[in-house]
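To keep things clear, I will list the structure first and then write my remarks on it.
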Amino acid sequence: MDILHDFGRYCKLLYQAIRSSTEIGTYYKNLFAEMIKTGYDSLPIVMLAGAFTGAVLTIQTAYQLVVSYIPLSTIGAIVVQSMVIELAAVISGLVLAGRVGARIATELGTMRVSEQIDAIESMGFNSVSFLVVPRVLASFFMFPVLYIAAATCGILGGLLAGIITGQVPMADFMKGGREYFFAWDIVFGLTKSIVFGFVITSVSCYKGYYATGGAEGVGKATTNAAVLSCIYVLLTDLLLAAILL
Amino acid sequence: MRNEVKVAITIFIAIIVAVFGYRFMSETPLFGQTYQVYADFDRVDGLLSGTPVYMQGIKVGTIASMGFADNDSIRVYVNLNLPNGLPADSRAVIRSVQILETAIVIERGTSPERLPSGSKIPGFYDEGILGAVTSLGEEIGGNVNESLDKLNSVFSQVDGILVDGGRDDIQQTLSGLNLTINQIERTLAARSGEIEEAIVHLRNTLANAENLTADEDESIRNMIRNLESASARLDTLTGSMDEMTGDLTEVIRKINEGEGSLGLMINDPSLYQNLDSLSYNLNKLIEDVNENPRDFLKHLRLFSVF
């Protein structure tokens, strides 16, 4: 019953957000601030995660592919396609679930328990339009940017790791990577990143917006937001793979 | 810097990275328009978007996209890195470039006229070595299937024999064989003393024969020498007889030819006639002597005779 109650409130919040998305004047300033916090500030961690993921993937794939009749270009193909289709979106999604999700839930939760949201409402502002819409909308614009950064750094990291360790020459890596580089994979990755951004920010907004119980409630809302965001990222990843591939 | 500017720069850089990254990975020129041609094929086994395109052995581009054309053939768009374009009579062939790699190979034409981007070139499918191997494999597969069918039939026949009482027969044969072996074993065990004795006797006999041979060795050698000598003498005798035969042959030849006294005597009828006449005269004389002894004895005196 609680699940249904939560789901109903979540849908109601989304409905209010969609309905108030036309009030650009209300959230315009907040939108860019959120885009900076969500996207620009997250770039270093996402690029780092992507680069290391690509590097590890190259080394581990080279370690596993010991059979002589499998060409080295296969490693490039595996790394590039894995980064583009899956890892760039999911790794950045999981990192951002912790970083962005926790921040949003904490911000909104604190505003809720300190009755700032009630104050906004009492001043005649639409709190959803003011707080939720810019955060969710910012993810639509910035998560694809973060995905591109993660994928690019992942491929470069994998290439660099292959060259430095001497396991995969650049020519072989690029040959394999180019051979299995398809436009649809990028579309799929970008779609995933947008969906993950929406899931993370909307769930975190919901958890923060409806937080109760003072500082403890805010902490609980933050934890729930981060954990649920991670779970929903993985669930939607599975769903999208089943539907789109 | 204002937030809007930061966001704008971030998104702008992301778009540039995405576009250039995509063009770089797709091996299309980073700047300028792509030189693209297309060809229709009946089938495109083993080809994917991004598969390399070769011309005269070097990679000149990749497959951009594939899809069905209006006439149900497969239309393949190819991005080429050829600044001067393709000759108008060039054509595209799908063939195996390595053992397991199929690719589009552009066969460059000789026409001075160049094809503009977006043109169509004729496409052909060449099965090549892989096709030959595939057909051979299919043939071998058929033979293997046939062999397996026959083997299966043999097995089912054997199975049938075994099921239809053959198993009992084999078991009986085996038990009979077992019995025979047991009997042989028993016989051998019972007669082992005799067999050993016979072997000892045989060994003794052989030893005796050996001793005898050793004792009489000189005699046997002498005998052999004598035999050799006799054989040599026989050879000489045979030679002499040969000579004699030759002489006799010569004599007979001479006789036949009427040479010599004997020849004349045998061959000349006058001698016979003389002898015959002589014999007749002698008979006549004897008759005369008998009839008229006085005529012949009247001149004889007794004393003269004795």
Side-chain angles (χ1 to χ4, degrees), chain A residues 28-43 46-47 69-71 73 76-77 79-81 83-84 88 134 137-138 140-156 159 171 173-187 189-190 193, chain B residues 1-30 34 36 44 46-54 57-67 76-81 94 96-105:
Chain A
Y28 177 79
K29 271 200 163 182
N30 271 351
L31 174 65
F32 282 96
E34 284 302 321
M35 283 166 89
I36 291 292
K37 287 181 199 167
T38 305
Y40 186 81
D41 291 348
S42 300
L43 270 174
V46 165
M47 287 165 76
Y69 54 78
I70 296 179
S73 59
V79 172
V80 169
Q81 225 179 11
M83 287 307 301
V84 172
L137 211 56
F140 273 108
F141 291 107
M142 296 317 287
F143 266 63
V145 171
L146 295 171
Y147 162 77
I148 290 166
T152 308
C153 289
I155 293 168
L156 289 176
L159 174 65
F173 189 94
M174 292 312 296
K175 180 178 180 286
R178 283 170 164 167
E179 205 166 337
Y180 291 93
F181 185 79
F182 307 121
W184 169 248
D185 294 347
I186 300 171
V187 173
L190 284 170
S193 71
Chain B
M1 196 186 288
R2 289 176 63 191
N3 284 344
E4 287 87 338
V5 178
K6 276 186 182 178
V7 168
I9 290 171
T10 310
I11 293 175
F12 183 67
I13 290 172
I15 290 170
I16 287 175
V17 169
V19 171
F20 279 82
Y22 176 75
R23 290 177 81 93
F24 176 73
M25 292 302 285
S26 305
E27 291 185 275
T28 48
L30 296 182
T34 311
Q36 191 178 66
V44 289
L47 294 186
L48 295 167
S49 293
T51 303
V53 177
Y54 297 94
I58 62 163
K59 186 178 171 185
V60 291
T62 53
I63 293 175
S65 61
M66 293 190 289
V76 179
Y77 288 90
V78 174
N79 287 339
L80 298 173
N81 298 323
I94 296 175
S96 302
V97 289
Q98 285 177 17
I99 293 172
L100 293 173
E101 186 184 345
T102 308
I104 289 184
V105 176

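Computed from a predicted structure; not experimentally measured. A, B, ... follow the sequence lines: proteins, then strands. Residue 1 opens every chain. Basis for what follows: all heavy atoms, side chains included, without hydrogens, waters or symmetry-related copies.
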**OP:** Assess whether atom CE of A/Met47 is packed by more than 12 heavy atoms of other residues, nucleotides or ligands within 6.0 Å.
**Re:** no
**OP:** Please test A/Ile155 against A/Val79 for side chain to side chain contact (heavy atoms under 4.5 Å, CB included), starting from the C-alpha separation and ending with a verdict.
**Re:** CA-CA 7 Å; A/Ile155 293 168; A/Val79 172; 5.6 Å; no
Cross-chain donor-acceptor list, chain B x chain A, under 3.5 angstrom:
from, atom 1, to, atom 2, distance (Å)
B/Phe24, O, A/Arg178, NE, 3.2
B/Phe24, O, A/Arg178, NH2, 3.2

**OP:** Mind listing the closest non-hydrogen atom pair of B/Leu47 and B/Met66 along with its distance?
**Re:** O-CE, 3.3 Å
Original post:
Any side-chain heavy atom of A/Leu190 sitting closer than 4.5 Å to one from A/Phe143?
Top reply: no
Subject >> Proximity breakdown for A/Ala33 and chain B, heavy-atom pairs closer than 4.5 Å >> reply: both
**OP:** Can you see which heavy atom on B/Pro52 is nearest to which on B/Ala103, and at what distance?
**Re:** O-CB, 3.5 Å
Original post:
In terms of heavy-atom pairs under 4.5 Å, which option from A/Leu43, A/Val145, A/Leu146, A/Leu31 contacts chain B the most?
Top reply: A/Val145
Original post:
With a 4.5 Å limit on heavy-atom distance, are the side chains of A/Met174 and A/Phe181 in contact?
Top reply: no
**OP:** Please look at A/Ala151 and chain B and tell me whether the side chain, the backbone, both or neither of the residue comes under 4.5 angstrom of a heavy atom of that chain.
**Re:** neither
**OP:** Could you look at A/Ile186 and say if it's the side chain, the backbone, both or neither that has a heavy atom under 4.5 Å from chain B?
**Re:** side chain
Original post:
Taking atom CD1 of A/Ile36 and atom CE of A/Met142, what is their separation to the nearest 0.5 Å?
Top reply: 7.0 Å
**OP:** Counting only heavy atoms closer than 4.5 Å, note whether A/Val84 contacts chain B via side chain, backbone, both or neither.
**Re:** neither
